[in-house]
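Since the structure comes first, as structure tokens, the remarks are kept for the end.
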Amino acid sequence: MSIIDLRSDTVTQPTAGMREAMLAAELGDDVYGEDPTVNRLEQRLARELGFAAALFVPTGTMSNLLGLMAHCERGDEYIVGQQAHTYKYEGGGAAVLGSIQPQPLDMEADGSLDLARVEAAIKQDDFHFARTRLLALENTMQGKVLPLDYLAEARAFTRDKGLALHLDGARLFNASVRLGVEAREITRHFDSVSVCLSKGLGAPVGSVLCGSEALIGKARRLRKMVGGGMRQAGVLAAAGLYALDHQVERLVEDHANADCLAAGLRELGYSVEPVQTNMVYVQVGERASELKAFCAERGIHLSAAPRLRMVTHLNVGADAIGQVIEAFAAFRG
Ligand SMILES: *Cc1c(COP(=O)(O)O)cnc(C)c1O
């Protein structure tokens, strides 16, 4: 039985071409700055996204952490969404390791943060308060793409308020592919951007932080400090380069499959949220665990949540979508 795993786009297996690229990678010691493949990946993404420099790191969590710590000192504060990865899903790292205070705010339905509410949360220059330094956004946010106009407004707003602007772009390319623009049209509004290679792009490991020379210089020091300095990391960077060459445009297929899954489930009477990229959110109510077990018997791996998230990716083909819809139909009875 072949497995259909819809829990996340992190479950993707390296393709044959990617494995070959990893095998053939030219290597050196990246802590000495001597891994040619890592250097190529960093230079390429920096150039492509419009930044002066970039840094390859093992995970998106580390990439965001280094970004926040490079922008903020102890006792500084970042403003962030309640549901944002950089607030909710990173073990409190910015606070624990960076002594940076988060100021979480409720998010809007489209995944943005209302800039009037952000403005109201900025602390005055007063020794009672942490120093508000940074606004962190996420794109895509639970599969939703932030509008380009909003990004331009957030850029102008943060410039006006003297704040830095960071993007958790774990799924940046899902956003750019959906909008039909170069990723740079999104990233040009930010001071720093973190991109994951290990989600829909299909690499086994790796994220890249992009920013100015000064910011990335700081982040490089911090990366060593938190234990993220890797040696012959080109074997991993090669997977990232391969993904950028071969597995970006195909994200449209994941988006089409997600659309198709959503449509099929709606036909069965399920309540499904509008789909923009590769995530389908469906209300399954209190039968979530039962549904998970039912589907597992049919080789379909799901999470168990009343608001169930299903994620399409390169190991879920169009035929698999039909099987998933059939399983939901059978479950419904
Ligand atoms: C996955 C993800 C990250 C980083 O995750 P790692 O598992 O640490 O690589 C960051 N932000 C978002 C929105 C993510 O989905």
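We count ligands from 1, going down the list as the structure has it; atoms in each ligand are counted the same way. Residue numbers count from 1 along this sequence.
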* Asked: Listing by chain and number, which residues have a heavy atom under 4.0 Å from ligand 1?
  -> Thr59, Gly60, Thr61, Asn64, His85, Glu90, Glu138, Asp168, Ala170, Arg171, Cys196, Lys199
* Asked: Is the number of heavy atoms from other residues, nucleotides or ligands under 6.0 Å of Glu26 CD greater than 12?
  -> no
* Asked: With sequence neighbours left out, which residue pairs that include part of residues 184-207 fulfil the salt bridge (Lys or Arg N to Asp or Glu O under 4.0 Å) condition?
  -> Arg155-Asp191, Glu185-Arg188
* Asked: So, Gln82 and Lys88: side-chain donor and acceptor under 3.5 Å apart, yes or no?
  -> no
* Residues that Phe127 engages under side-chain contact (heavy atoms from CB on, under 4.5 Å), provided they are two or more places apart -> none
* side-chain hydrogen bond (donor to acceptor under 3.5 Å, both in side chains): which pairs involve residues 309-333, sequence neighbours left out? -> none
* Report yes or no: is the cationic atom of Arg298 (NZ for Lys, CZ for Arg) closer than 6.0 Å to the six-membered ring centre of Phe294, at no more than 45° off its axis? => yes
